[in-house]
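Just below is one structure, and these are the notes that go with it.
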Amino acid sequence: MRLPDPSKGAPSGQEWLVEEGIGEHRAIRLNENGQIAAARLYWPGSLTAGQVEDARLDQRIRNSPRGVAVFASGEKAHIDRLPASASEGATMRLEVTRSRLAEAGRVKLAQCRPSYLPLAPAPTLAEQIGSCGDRAKIVRRFPAEAGWEELWSDASGNFVEFDGGSLVPYPTPAMLLIDIDGSQAPDRLAREAVAPLAAMLRRMDLGGNIGIDFPTVAEKARRKEIDELLERALSGWPHERTAINGFGFLQIVSRLERPSILHLLHSDPAGAHARRLLRSAEHLEGPGILALSGTRDVAEALQPSWIEQLERRTGRKVRVSVDSQAWDPELCHVQVVSDD
């Protein structure tokens, strides 16, 4: 299946709001009602699409233009399009084309290819958005009514409700599976699911190989109508897809350059909650010490450099403790306490 060029047919020149938080950058694009129409999440520190760096060819697959490179950070990446003259141990300039992806039980290495471009560090999220022709506006905090917390909770909880049903995404090594469930008649449930499904794909920044399990609709004419609804709902979102088959299954393939919000939150839940805790702490007001408390996993995920950044940004001391009563990362909290 030939993937479309994301620069063709995609919206351009639109404005995104970007928060450059501690340990993560967040971006949202709002619709006419001030709600999140699309979102992205970026965790700096690993190889990023658009990064250009000199790296060592660690392994070359025999009789193949593919291999594995090791970058200065120690992170490895798959290489494609190797010239015949490239030999193991050689240093070569490489452009990263996809970040690494953590999935259930494994991690897919980042992808790269030989390049003659000048050296370039990993682009920030704002720079990534700008490279696509959109505008990035750095803000201190998203509008409260935009719904970032709701989106975060949906992605973390693997559950999106809509009128009469729900969407349940399952990240797997083969593909992202999305189950459509509900008590309505299959035909009506399938129709009602189209708009929230299209919204979820954009809001969670989903991509790659996606399988969608619609309710089984026996009549071919009805399935065609649902296909047409989905075609309109996904207009402007670059992808290729199959038609819904007789068992209700449909497959979508879209270009994948980065992990989605869903994948990031599920690949490292403790790290995700730690970053969320830092975001809350940064915006607390009032004098005193910032006291962060949570499960042991979340407390250990709070890197010392992040705590230092939080102290610099807020001008306050930070205290981290493990709450023995907090059995769920959702119970993590932050408060301002007296420095007496």
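Under a hydrophobic-cluster definition in which Ile, Leu, Val, Met, Phe, Trp and Tyr are linked whenever side-chain heavy atoms come within less than 4.5 Å, directly or via other members, Leu176 and Leu230 are assigned to the same cluster. Using a 4.5 Å cut-off between side-chain heavy atoms of Ile, Leu, Val, Met, Phe, Trp and Tyr, with links allowed through other members, Val18 and Phe142 fall into different hydrophobic clusters. Hydrophobic clustering (ILVMFWY, side-chain heavy atoms < 4.5 Å, transitive): Leu229 and Val217 are in one cluster. Leu177 and Met200 fall into different hydrophobic clusters, defined by Ile, Leu, Val, Met, Phe, Trp and Tyr side-chain heavy atoms under 4.5 Å apart, directly or through other members. Hydrophobic cluster membership is shared by Trp152 and Val139, with clusters built from Ile, Leu, Val, Met, Phe, Trp and Tyr side chains linked at under 4.5 angstrom.
Atom OG of Ser260 and atom CE of Met204 lie 8.5 Å apart (nearest 0.5 Å). Here Leu197 contributes atom CG and Glu192 contributes atom CD; the two are 13.0 Å apart, rounded to the nearest 0.5 Å. With rounding to the nearest 0.5 angstrom, the CG atom of Leu265 is 5.5 Å from the OG atom of Ser156. Atom NE2 of His283 and atom OG1 of Thr314 lie 11.5 Å apart (nearest 0.5 Å). Interatomic distance, CZ of Arg202 versus CG of Asn31, reported as 11.5 Å (0.5 Å rounding). In this structure, CD1 on Ile261 lies 8.0 Å from CG on Leu264, to the nearest 0.5 angstrom.
Residue Asn33 places its CG atom among more than 12 non-hydrogen atoms of other residues, nucleotides or ligands, all under 6.0 Å distant.
Here Tyr42 pairs with His25 under the ring pair (Phe, Tyr, Trp, His ring centres under 6.0 Å) rule; sequence neighbours left out. Looking at residues two or more places apart in sequence or on another chain, you find no ring pair (Phe, Tyr, Trp, His ring centres under 6.0 Å) involving His263.
Taking both residues in full, the closest heavy atoms of Ser99 and Pro259 are given as CB-CD, 3.9 Å, listed atom of the first, atom of the second, then distance. Here the closest heavy-atom approach between residue Pro44 and residue Gly23 is recorded as CD-O, 3.6 Å. Taking both residues in full, the closest heavy atoms of Ala27 and Ile129 are given as CB-CD1, 3.6 Å, listed atom of the first, atom of the second, then distance. Shortest non-hydrogen contact noted between Ala270 and Val298 is O-CG2, 4.0 Å. Scanning all heavy atoms of the two residues, the minimum distance from Glu20 to Ala126 falls at OE2-CB, 4.3 Å.
Between Glu231 and Arg241 there is a salt bridge, since a side-chain N of the basic residue sits under 4.0 Å from a carboxylate O of the acidic one. The existence of a salt bridge linking Lys137 and Glu15 is excluded, since no basic side-chain nitrogen approaches an acidic carboxylate oxygen closer than 4.0 Å. Electrostatic pairing of Glu149 and Arg276 counts as a salt bridge here, judged by a charged N lying under 4.0 Å from a carboxylate O. A salt bridge links Arg26 to Glu24: at least one charged side-chain nitrogen sits closer than 4.0 Å to a carboxylate oxygen. Between Glu88 and Arg60 there is no salt bridge, since no side-chain N of the basic residue sits under 4.0 Å from a carboxylate O of the acidic one. A salt bridge links Arg258 to Asp205: at least one charged side-chain nitrogen sits closer than 4.0 Å to a carboxylate oxygen. Ion pair Arg191/Asp187 flagged as a salt bridge, since at least one NZ, NE, NH1 or NH2 atom sits closer than 4.0 Å to an Asp/Glu carboxylate oxygen. Under a 4.0 Å N-O distance rule, the pair Asp134/Arg29 does not qualify as a salt bridge.
Side-chain atoms of Glu53 do not come within 3.5 Å of backbone N or O of Arg93 as any donor-acceptor pair. Between the side chain of Gln35 and the main chain of Glu145, a donor-acceptor pair closer than 3.5 Å is present. A donor-acceptor pair under 3.5 Å is formed between the side chain of Ser131 and the backbone N or O of Gln128. The closest donor-acceptor contact from the side chain of Glu228 to the backbone of Glu225 lies at 3.5 Å or more, if one exists at all. Here the side chain of Thr97 pairs no donor or acceptor atom with the backbone of Ala49 at under 3.5 angstrom.
Its side chain within the 4.5 Å cluster rule, Leu117 clusters with Val52 among the Ile, Leu, Val, Met, Phe, Trp and Tyr residues. Hydrophobic cluster of Met92: the remaining members, joined at side-chain heavy-atom separations below 4.5 Å, are Leu47, Leu57, Phe71, Ile79, Leu82, Leu94, Val96, listed by chain and number.
With a 4.5 Å cut-off on side-chain heavy atoms, Val160 and Ser166 do not count as touching. The closest side-chain heavy-atom distance from Glu75 to Ser46 is below 4.5 Å. In this structure, the side chains of Ile244 and Ile212 stay at 4.5 Å or more apart for every pair of heavy atoms. Between Leu167 and Pro196 the shortest side-chain heavy-atom distance falls below 4.5 Å. Side-chain contact between Val107 and Leu101: absent, with no pair of heavy atoms (C-beta onward) separated by less than 4.5 Å. Residues Leu17 and Pro143 form a side-chain contact, since some pair of their non-hydrogen atoms from C-beta on lies under 4.5 Å apart. Looking only at side-chain heavy atoms (C-beta outward), Cys332 and Ser293 stay at 4.5 Å or farther from each other. Side-chain contact between Val336 and Pro287 is absent, with no heavy atoms from C-beta onward closer than 4.5 Å.
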Test Trp43 against Arg275 for side-chain contact (heavy atoms from CB on, under 4.5 Å), laying out the working first. CA-CA 10 Å; Trp43 291 355; Arg275 291 169 171 87; 3.4 Å; yes
For side-chain contact (heavy atoms from CB on, under 4.5 Å), just list the numbers for Lys108 and Arg98, CA-CA rounded to whole Å, side-chain angles, deciding distance to a tenth of an Å, and then say yes or no. CA-CA 10 Å; Lys108 289 184 178 179; Arg98 194 204 69 191; 3.6 Å; yes
Are Ile180 and Asp213 close enough, and set up right, to give a side-chain contact (heavy atoms from CB on, under 4.5 Å), and what steps lead you there? CA-CA 6 Å; Ile180 298 173; Asp213 187 17; over 6 Å; no
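Here salt bridge (Lys or Arg N to Asp or Glu O under 4.0 Å) pairs that include residues 299-317, with residues two or more places apart or in two chains, are Glu282-Arg313. Residue pairs satisfying the ring-ring contact (aromatic ring centres under 6.0 Å, His included) criterion with at least one member in residues 163-188, sequence neighbours excluded, are absent.
Just one residue in the list Thr242, Leu234, Asn209 forms a side-chain contact (heavy atoms from CB on, under 4.5 Å) with Ile252, and that residue is Leu234. For the side-chain contact (heavy atoms from CB on, under 4.5 Å) test with Ile22, the passing option among Leu302, Ile307, Leu278 is Leu278; the others fail.
For the pair Arg135 and Trp16, the cation-pi test (distance below 6.0 Å, angle within 45°) is failed.
Judged purely by distance below 3.5 Å, without hydrogens or angles, the side chains of Asn158 and His266 pair a donor atom with an acceptor atom.
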